Amino acid sequence: MRFLLPLLLLLALVAMLMLRGYVHSEILADYRVRPEAASDKVPEKILDGGPVIDTRGGRQVSLKVPDHRLVLTFDDGPDPKWTPEVLDVLKKYHAHAVFFITGTMASQYPELVRRIVAEGHEVGVHTFSHPDLSYHSKRRIDWELSQNQLALAGAAGIRSSLFRPPYSSFADAMDNESWPVVEYVGARGYLTVVNNTDSEDWRKPGVAQIIRNATPKGGKGAIVLMHDSGGDRHQTVEALETFLPQLQARGYEFQTLSAALNAPNADTPVRGPELWKGKAWIFLVQASDGIAGVLVVCLAVVGSLVIARFALMLLLSGRHARRVRRKGFSWGPAGPVTAPVSVLVPAYNEAKCIENTVRSLIESDHPVEVIVIDDGSTDGTARIVEDLRLPGVRVVRQHNTGKPAALNRGVANARYDLIVMMDGDTVFEPSTVRELVQPFADPKVGAVAGNAKVGNKDSMIGAWQHIEYVMGFNLDRRMYDVLRCMPTIPGAVGAFRRTALERVGGMSDDTLAEDTDVTMALHRDGWRVVYAENARAWTEAPESVGQLWSQRYRWSYGTMQAIWKHRRALVDRGPSGRFGRVGLPFVALFMVVAPLLAPLIDIFLLYGVVFGPTQRTIIAWAGVLAIQFVCAAYAFRLDRERMTHLVSLPLQQLLYRQLMYVVLLQSWITALTGGRLRWQKLRRSGVVGAPGSASGTSLPRQRGSRAGRTVG
């Protein structure tokens, strides 16, 4: 159920885009060359007859327009530019016409259909998406007609009995492929209208030629084919300005087809369910246009944000690396930090991992005391540590009250002023603690973020998280260090000055992201928070989609809680105000808003592939992927990681990012609806160890002469 609402919203968004894409599919020019077909199955009286063909009720009758009557017909509209201009000219000369409308255009511009009807013109059906019906089944023909009628009902509250097949011409051009279509639509109650005078305005031959083509000979009546859509129709509009008064002066009347044939109006009102179905259709189409417009703006925003973020990461992370790696670099005037450190390991049911974690700590090349705070474990975690009897390792037991309380209990029992915090499923390299505490040589530094790495990266989902950690987290931390707005000290590897922790009240349980919460509190209190790239810790990343969902849902929601908790920093003065006006917007923009909008790139990739322009869409998406690959490769180079894992980057962008999007969307929904999210324990396998250390392999438990001390 946790996936359901975000997925429904995502599917609704995709459905609206698919609707828009289908309605906005471009129609072809009203001309097509197809192989010649025999016409021996077409009745001679149809081939030799007039442009109006009646096959209703099994009839085979053709009709002609009486002399000195002209029926102007305009195909493929309505068009937002040319149809109003055509209507203005017709109104100017008190002329009427028939507009053969496609459903796609009527759905997009219903107000023009209403104007056509209101000004006394007639409307005909020209299919929904303008296919050549000779190539399609009866089922497709029915669909094209019914969808066109649905659009007419929604736009103007009418249905029409006039039909013009796309790519039709004169009656004598009817062949064995098109005649069955005419027979079938006649059985469905339609009067088929072709033409006997083609202006050929689609060729754009010039105004004078259009007028010559459209003028009937010898005062005969005619159905004249013109277009008010499908391209540039300025020649058509200019030709009408001359054609209408010229032929009116010669005694011609410009009428609708029904008026010219002295027949009832072909457009009849629609009422009841059909009317409301049509209105609902128009509403959905208009809504899809509105949503698409908003998404285009959002895409432009996210595109700018992504490029800006990548540029900042490349620039500032390189600056950070050069600064900390230059010869003779020192964090502070006091020189190397050699003071002993208290390492806190909060643990809840970490029986599979805790031995590797503790053994990695006693291999540290920096003096440490290790305090394992057992937070009410039920799997014997505390007993495992006690049985190891490792020197310098203590166990503190408490009832299950949560990670923040466990860490505060650990701080209360710690002997030293420098405190390292880590997770119970994480292992350190021998140099990790030493590297982690060196920045405390600067008395302004209150906390240090270490370099968290994925230890179980051999699976596909592990490799994707490995890319995310190296590129998305550690490259970010270099950037945030330079900008002095580090948002999070990772729970897997972080260090704190006891004084700084006490001044901000310790670890808080107000949010589900206590690490982000305390980091923001430290910034607001005026402390520097920095990143130590060589303080590497190896953590066990979730190995299933469900576990990954649980973890990231908590992270996302907790980050939102922390941002909201510290929102008053926006109006504070001093260090708190600086963080509020620099750090909070930065974190909110790049950790909450931009990731939520990032999947628009993939949604529009799908949209562009389906509805075009396909080639340009794929090239644009490949360009975005190339930028991401450059950033990822640079991040891997800075972290001295093997590039082979980047092979899975395209799949990560297509699949993994969508999962993170849905997680973030659900976090937004939870936050906006006032929902509560509880801490969820992840299942661990205990397979992760630090490369090159004894803890990196499965070792037998060793009993020493000095027992680990237990505090109740």
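Quick note: numbers below take in every heavy atom, side chains included, and nothing from hydrogens, waters or symmetry partners. It should be emphasised that the depicted structure is a prediction, and the values quoted were computed from it without experimental measurement.
- Nearest heavy-atom pair across Cys631 and Leu475 is O-CD2, 3.9 Å.
- More than 12 heavy-atom neighbours from other residues, nucleotides or ligands sit within 6.0 angstrom of CZ on Arg581.
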**Phe496 and Val411: CA distance, side-chain angles, deciding distance, side-chain contact (heavy atoms from CB on, under 4.5 Å) verdict** = CA-CA 10 Å; Phe496 299 85; Val411 172; over 6 Å; no

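- Minimum heavy-atom separation, Arg497 to Phe440: NH2-O, 3.2 Å.
- Between Asp374 and the choices Asn400, Ile354, Thr381, the side-chain contact (heavy atoms from CB on, under 4.5 Å) rule is met once, by Thr381.
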With a 3.5 Å cut-off and sequence neighbours excluded, list the donor-acceptor pairs that the side chains of residues 445-453 form with protein atoms.
from   : atom 1 : to     : atom 2 : distance (Å)
Asn451 : OD1    : Asn474 : ND2    : 2.6
Asn451 : ND2    : Tyr531 : OH     : 3.3
Asn451 : ND2    : Glu533 : O      : 3.0
Asn451 : ND2    : Asp639 : OD2    : 3.4
Lys453 : NZ     : Asp639 : OD2    : 2.9
Lys453 : NZ     : Glu641 : OE2    : 2.6

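- Counting heavy atoms from C-beta on, the side chains of Arg409 and Leu344 never come closer than 4.5 Å.
- Partner of Val358 under the side-chain contact (heavy atoms from CB on, under 4.5 Å) criterion, out of Val393, Ile384, Val345, Val343: Val393 alone.
- A pairwise comparison of heavy atoms in Glu540 and Cys353 identifies OE1-SG, 4.0 Å as the closest pair.
- Considering only heavy atoms from C-beta on, Leu388 comes within 4.5 Å of Arg359 through its side chain.
- Between Ala633 and Met643, the shortest heavy-atom distance links the atoms O-CE, 3.1 Å.
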**Message:** Would Gln652 and Met471 count as a side-chain contact (heavy atoms from CB on, under 4.5 Å) here? Give the steps.
**Reply:** CA-CA 12 Å; Gln652 188 216 36; Met471 176 187 174; 6.0 Å; no

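- Counting heavy atoms from C-beta outward, Leu361 and Met422 have side chains that approach closer than 4.5 Å.
- Here CG of Asp481 is found 5.5 Å from CZ of Arg323. Values are rounded to the nearest 0.5 Å.
- Taking a cutoff of 4.0 Å between a charged side-chain nitrogen and a carboxylate oxygen, Lys352 and Asp425 do not qualify as a salt bridge.
- For the side chain to side chain donor-acceptor pair (under 3.5 Å) with Lys403, the lone residue among Asp515, Asp423, Asp509, Asn408 that qualifies is Asp423.
- Within the model, atoms CD of Gln561 and OG of Ser556 stand 11.0 Å from one another, a figure rounded to the nearest 0.5 Å.
- Around CZ of Arg319, the count of heavy atoms belonging to other residues, nucleotides or ligands within 6.0 Å does not exceed 12.
- Judged by distance alone, the side chain of Asp375 and the main-chain N or O of Thr401 form a donor-acceptor pair under 3.5 Å.
- To the nearest 0.5 Å, atoms OH (Tyr553) and CG (Leu512) are separated by 9.5 Å.
- Taking the six-membered ring where tryptophan is involved, the planes of His523 and Phe579 are essentially parallel, since the angle between them stays under 30° and well short of 60°.
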**Item:** side-chain contact (heavy atoms from CB on, under 4.5 Å) evaluation trace for Tyr469 with Lys457
**Value:** CA-CA 11 Å; Tyr469 271 62; Lys457 55 191 174 187; over 6 Å; no

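- Contact detail for Ala588 and Ile563: the closest heavy-atom pair is CA-CD1, 4.0 Å.
- The structure places OG of Ser377 at 9.0 Å from CZ of Arg397, a figure rounded to the nearest 0.5 Å.
- Among all heavy-atom pairs drawn from Ser648 and Trp464, the shortest one is O-NE1, 3.3 Å.
- Results of the side-chain contact (heavy atoms from CB on, under 4.5 Å) test with Val518 over Thr511, Val529, Leu501, Ile489 single out Leu501 as the only residue that passes.
- For the side chain to side chain donor-acceptor pair (under 3.5 Å) criterion with Asn456, the lone passing option out of His466, Gln465, Glu543 is Glu543.
- Taking the side chain as every heavy atom from C-beta outward, Leu584 and Arg524 never approach each other to under 4.5 Å.
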**Message:** Using ring-ring contact (aromatic ring centres under 6.0 Å, His included), reason through Tyr480 and His320 one step at a time and then give a plain yes or no.
**Reply:** CA-CA 10 Å; Tyr480 286 127; His320 178 272; over 10 Å; no

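- Between Arg434 and Val368, every side-chain heavy-atom pair lies at or beyond the 4.5 Å cut-off.
- Here Leu483 pairs with Leu316, Met479, Cys485, Phe586 under the side-chain contact (heavy atoms from CB on, under 4.5 Å) rule; sequence neighbours left out.
- The CH2 atom of Trp538 sits 6.5 Å away from atom CD of Glu429, with the distance rounded to the nearest 0.5 Å.
- Looking at heavy atoms from C-beta onward, Leu625 lies in side-chain contact with Pro650 at the 4.5 angstrom threshold.
- Side chains of Trp555 and Thr516 form no contact here, defined as non-hydrogen atoms less than 4.5 Å apart.
- Lys565 NZ to Ser508 OG: the interatomic distance, rounded to the nearest 0.5 Å, is 3.5 Å.
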**Request:** Test side-chain contact (heavy atoms from CB on, under 4.5 Å) on Met313 and Arg309 and set out the steps.
**Result:** CA-CA 6 Å; Met313 282 197 303; Arg309 178 171 177 259; 4.1 Å; yes

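- Counting heavy atoms from C-beta outward, Pro487 and Phe590 have side chains that stay 4.5 Å or more apart.
- Looking at Ser342, its side chain never comes within 3.5 Å of a backbone N or O of Glu369 through a donor-acceptor pair.
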